[in-house]
Each structure stands twice: as structure tokens, then as C-alpha cells.
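No hydrogens, no waters, no symmetry mates; every other heavy atom, side chains included, goes into these values. Residue numbers begin at 1 in each chain, while the letters A, B, ... track the order of the sequences. Predicted model only: the values in this text are computed from it and were never measured.
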2 protein chains.
Amino acid sequence: MDDRQALASFSALSQETRLQVVRTLVVAGQDGLAAGSIAEGLDVSPSNLSFHLKELGHAGLISQRRESRSIVYSASYDALADLVKFLMEDCCSGHPGIRASLERSEECCDGSTKSQEATVA
Amino acid sequence: MDDRQALASFSALSQETRLQVVRTLVVAGQDGLAAGSIAEGLDVSPSNLSFHLKELGHAGLISQRRESRSIVYSASYDALADLVKFLMEDCCSGHPGIRASLERSEECCDGSTKSQEATVA
DNA sequence: TCAATAGTACAAGGATCGTTGAAGTATGGA
DNA sequence: TCCATACTTCAACGATCCTTGTACTATTGA
């Protein structure tokens, strides 16, 4: 991931509604959610949500597909992982200990959504 | 880390000059760098840099101390690590596989700056 | 105390962002 | 074909952000 894309991603995530959208879609999983469902869940106007979805799309953090009348959005897990990596590389380059500190917080994956097993390649 | 702080951090990092400042300070290590050195390295006016340093300070991503005439800035590694964690929790909550994908990129810590050993607590 | 150095603070401007409401586009059913 | 549904696009406006230059503050040395 290059700086340009990282900047776009940070910018996209620096807005409350958009951060909530991403979280909602991440939790929703691969199936995604229709724009209407997201708007309802977050209590945002369709027009406003559409604006923010476009921003997230530009940053590459979400993708969309049409499904009958609805447009279904889903999180781009790869892009999110790339962003984590980008951030970690910037951290690590001066302070390797951070990785250790991160590895101690394994709980994040073992708790709530145990729907998919980790595909350790 | 709560949403408010994450939003502030993302916002701070969504600007090119500030991203470069953070990277510069991360590479500089615990000793930090004087404002003047940063300004020189990045070719930004003192006044403009000061503005961006304040933003980064508000977000908690850097800290400062006076040293004679200079004001020395350094990266807040804890805040950066918290941000990585925040992002990973949002990712993982729908997609545990990401952690695996991240663990495959260990190289990031083993390369360039081997100045400090990882303090695996 | 005076001058030089190192930064910060402030004001003004242009640029970008976020919200709103109204109008436009695609899909599906009667 | 006509209407309803599900979204998106557009224009307008206020709010915020970034840059620039000038003024101000703190520290040091003569």
C-alpha cells in the first residue's frame, strides 16, 4: 500500500458516520448489507449515506454489487488488513516492541463472532 | 481506545505532511527531533509545521519537551500501537483470518532499524 | 540589556468537507 | 405502461481545514 492510498483510507475513517459504516459492514461479513439497511441501522438519510459510501468506495475500503433493487455493500477486508500493515510498518520501523504488545491482545479474535475459523495458510 | 480518539488519530494521519512527520519521528526513536530539524527535513515552513505538530499533539500521537531553545518532539508509540489495535479489532470482529495474514508479514520488524530488541514481556 | 535564535500564535484567504433537500436513474410488480 | 421502491446525483450553503505571512514569546549569549 502506498502513501496515497493510506492517506485516502485514513481520511475515509476520520469521519464518525463512515467509521460506523465500516464497522457495521465488517460485522455483517462477506454477505454485506443493502444501503437501506445501513442507513436504517445508523439513522442517516439515504442521500447522506450515499455520499459517505462513495467516499469509502474511493478509498477502496468497501465494495458494492447490485442485487435486484438494492445495492449491497461489503467491507474490503484486504484493504483493511493492508492498512493495519501500513500502520504497523510505520510503528515497527522505530520500535519493534510494539508487535510484542500487539501479540499479547489475541483476545480480539476469540471472542464475539466465531463464525469463521481462521484460515491459517 | 475509544472512537473519539480513533477518529482524531485517523484525522491527524489523513494529511500528507502530518503522516510524514509521524514517520520521521517514529524513525527518529525515543530521542525525538527538534521542530527545526523536522521542518528542514520535510521542507515545510516553521509556522506550517507548528500547525501540524499541534494537530498531532491533540490527537495524542506525539509528545513534546523543551530542550534549551529547541522544542523536541517524539512519537507516542503507545498511541500508535493503540490505533493498530483499534483497527485490528474492527477487522477481526468479522474476519479472524486477517490476523493470520498479518502474522505472515513478520519481516517488517527484522529489517532496517535493529537498534532496540523487542521487549517481549 | 540587546540582539539572535527557535518556535508558537494569530488573522485572513482559499480550498475542501459534510449536510440537506430536490431531482434523476434503475429495477420490479401490477 | 405506470407506479413504487431503492438509491444516487446535484446544487447550495455553512463549517472546517490548510497555507501564508506577520507578530509574539522563550531562551541564550554578548
(request) For the pair R23(B) and D3(A), find out whether any cationic side-chain nitrogen is under 4.0 Å from an anionic carboxylate oxygen. (result) yes

(request) Rounded off to whole Å, could you give me the CZ-to-P distance for the F10(B) and dC17(D) pair? (result) 17 Å

(request) Would you mind telling me which of dC7(D), dT20(C), dT8(C) lies closest to the side-chain atoms of I71(B)? (result) dT8(C)

(request) Looking only at side-chain atoms of L53(A), point me to the closest of dT8(C), dG18(C), dT8(D). (result) dT8(D)

(request) Respond yes when some side-chain nitrogen or oxygen of S70(A) is under 4.0 Å from OP1 or OP2 of dC7(D), and no when none is. (result) yes

(request) Could you tell me whether a side-chain N or O of S76(A) sits under 3.5 Å from a main-chain N or O of A79(A), the two making a donor and an acceptor? (result) no

(message) Counting only side-chain heavy atoms from C-beta out, which of dG18(C), dC18(D), dT8(C) sits nearest to A35(B)?
(response) dT8(C)

(message) Quick check on DNA chain C: between F51(B) and F51(A), whose nearest nucleotide comes earlier from the 5' end?
(response) F51(B)

(request) Let me know the distance between CD of E40(B) and P of dA6(C), rounded to the nearest Å. (result) 10 Å

(request) Could you tell me whether a side-chain N or O of Y73(B) sits under 3.5 Å from a main-chain N or O of G57(B), the two making a donor and an acceptor? (result) no

(request) Report yes if a side-chain nitrogen or oxygen of H52(A) is closer than 4.0 Å to either non-bridging phosphate oxygen (OP1 or OP2) of dC17(C); otherwise report no. (result) no

(request) Would you mind reading off the distance between D43(A) atom CG and dT20(C) atom P, rounded to a whole angstrom? (result) 11 Å

(request) Ignoring backbone atoms, establish whether Y73(A) has a side-chain N or O less than 4.0 Å from OP1 or OP2 of dA6(D). (result) no

(request) For S9(B) and Q5(B), indicate whether the former's side chain and the latter's backbone hold a donor-acceptor pair under 3.5 Å. (result) yes

(request) Measure the distance from CG on L49(A) to P on dG18(C) and round it to the nearest whole Å. (result) 14 Å

(request) Would you kindly give the CZ-to-P distance between R65(A) and dC7(D), to the nearest whole Å? (result) 12 Å

(request) Show the numbers, then the answer: is there a side chain to side chain contact (heavy atoms under 4.5 Å, CB included) between R18(A) and F51(A)? (result) CA-CA 10 Å; R18(A) 290 196 293 262; F51(A) 168 80; 4.3 Å; yes

(request) Grab the CG-C1' distance between L7(B) and dC17(C) for me, whole Å please. (result) 15 Å

(request) Let me know the distance between NZ of K54(A) and P of dC10(D), rounded to the nearest Å. (result) 7 Å

(request) Quick one: label A34(B) by what it contacts on the DNA or RNA (base, sugar-phosphate, nothing), any heavy atom closer than 4.0 Å. (result) sugar-phosphate

(request) Give the rounded distance in Å between these two atoms: CG of L56(A) and C1' of dG18(C). (result) 13 Å

(message) Among residues at least two apart in sequence or on other chains, which ones pass salt bridge (charged side-chain N to carboxylate O under 4.0 Å, His left out) with D2(B)?
(response) R4(B)

(request) Assign a letter to each nucleotide of nucleotides 22-30 of chain C from its 5' end: B, base within under 4.0 Å of a protein heavy atom; S, sugar-phosphate only; -, no contact. (result) B----BB--

(request) Under the side-chain contact (heavy atoms from CB on, under 4.5 Å) rule, collect the residues that match up with R65(A), sequence neighbours excluded. (result) E67(A), V72(A), S74(A)

